2 protein chains.
Amino acid sequence: MSVPLYQAKAEFFKTLGHPARIRILELLSERDHAVHELLAHIDIEPSSLSQQLAVLRRTSLVTSTRVGGEVVYSVSVPEVRDLLLAARRILSGVIAAQGELESELSPTAGS
Amino acid sequence: MSVPLYQAKAEFFKTLGHPARIRILELLSERDHAVHELLAHIDIEPSSLSQQLAVLRRTSLVTSTRVGGEVVYSVSVPEVRDLLLAARRILSGVIAAQGELESELSPTAGS
DNA sequence: TCATCACTTGATAAAGTGTGCAACTGAAAA
DNA sequence: TTTTCAGTTGCACACTTTATCAAGTGATGA
């Protein structure tokens, strides 16, 4: 293999590193969605959504199918869901820790 | 909380989205390392390493302690290790799938 | 004290990313 | 056939990230 694994990992995480792409994956891991359905949940321009979907397509995390007038997206790597859950767990830990630290510094109010 | 969770997640993944930072976390999840030890394993300039360590510090994923002449880093969120393992599993799946696809397209050699 | 090792910081140029607008394609409805 | 809805693509601009070089701090050893 030409690309070292740690670099592939970095690129993988990079594709997860955008709020819209996270939202897309969260919605798609519930069920398949057409683009206009995603659009109803995510507050960005259609062209921007399309671009983020393209990023996810390029990395094979989602696939699209044309169904009549609409394009339906699905996750092609179901394990991504676990990853998002793991991230949430870690994150709540980190955020809680930072919260404590903050309260120690200024016990009256959080910034 | 002011920052929506999906945005916090995106930022979290973004900090993982760099090959040097992945290497650092992998090394640190084995055991603590001084900066010059990391430097021996990761092929980048000291200043660049320092910069990446700063990114990880800012997001509270690692902590540093001065021990005499050297600065020792440790992971402060051990669950990160699971995340890296999960990423590797997902990634090998995706890479394998792409490999198959590639062989179908050109059965003789992979690009 | 002076030199040196171990790191960090600052500045800057180059590369990469994201955003919004306009133009374009395909399918369905009028 | 013409419109309209559903998406995508191209492009210009702003913003961010990264790499590198030079300069600076802190501790140790000569």
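Since this is a predicted model, take the numbers as computed values, not measurements. Just so we're on the same page: letters track the sequence lines, and every chain starts at 1.
- Counting only heavy atoms from C-beta outward, the side chains of Tyr73(B) and Leu53(B) approach each other to under 4.5 Å.
- Distance from the side chain of Ser50(A) is smallest to dT8(D) among dT17(C), dT8(C), dT8(D).
- dG7(D) atom C1' lies 9 Å from atom CG of Leu49(A), rounded to whole Å.
- Ring pair His33(A)/His41(A) is perpendicular by interplanar angle, where above 60° counts as perpendicular and below 30° as parallel.
- Between Gly69(A) and Gly17(A), the residue whose closest nucleotide on DNA chain C is further toward the 5' end is Gly17(A).
- Listed nucleotides dC7(C), dG7(D), dT20(D) differ in distance to Ser48(B); the shortest reach to its side chain belongs to dT20(D).
- Between Leu16(B) atom CG and dT18(D) atom P there is a gap of 12 Å when expressed in whole angstrom units.
- Among the protein residues, Ala54(B) comes within range of no part of the nucleic acid, since none of its heavy atoms lies under 4.0 Å from any strand.
- Per the geometry, CG belonging to Asp43(B) stands 11 Å off P belonging to dA19(D), to the nearest Å.
- Side-chain contact between Glu79(A) and Arg89(B): absent, with no pair of heavy atoms (C-beta onward) separated by less than 4.5 Å.
- Comparing dC21(C), dC21(D), dT19(C) against the side chain of Ser47(B) picks out dC21(D) as the nearest.
- Listed nucleotides dC21(C), dT18(D), dT8(D) differ in distance to His18(B); the shortest reach to its side chain belongs to dT18(D).
- For the atom pair Leu27(B) CG and Tyr6(A) OH, the distance stands at 10.5 Å (nearest 0.5 Å).
- Within the 4.0 Å cut-off from OP1 or OP2 of dG7(D), not a single side-chain nitrogen or oxygen of His33(A) is found.
- The nucleotide whose nearest atom lies closest to any side-chain atom of Gln52(B) is, among dT20(D), dA19(D), dT17(D), dA19(D).
- Rounded to whole Å, atom C1' of dT17(D) lies 14 Å from atom CG of Leu56(B).
- Whole-Å rounding puts the Lys14(B) NZ to dG18(C) C1' distance at 9 Å.
- Ion pairing between Arg31(B) and Glu37(B) holds under the 4.0 Å rule for side-chain N and carboxylate O.
- Atom CG in Leu53(B) sits roughly 15 Å away from atom C1' in dT18(D) (whole-Å rounding).
- Of the candidate nucleotides dT18(D), dG26(D), dT20(D), dG26(D) has the atom nearest to the side chain of Arg66(B).
- The nearest whole Å value for the distance from the CD atom in Glu45(A) to the P atom in dA22(C) is 10 Å.
- Residue Arg21(B) places at least one side-chain N or O under 4.0 Å from the OP1 or OP2 atom of dT18(D).
- Ile44(B) has its CD1 atom 14 Å from the C1' atom of dT17(D), to the nearest Å.
- Of the side-chain N and O atoms in Tyr73(B), none sit less than 4.0 angstrom from OP1 or OP2 of dA6(C).
- Both Gln51(A) and Val71(B) sit near DNA chain C, but only Val71(B) has its closest nucleotide nearer the 5' end.
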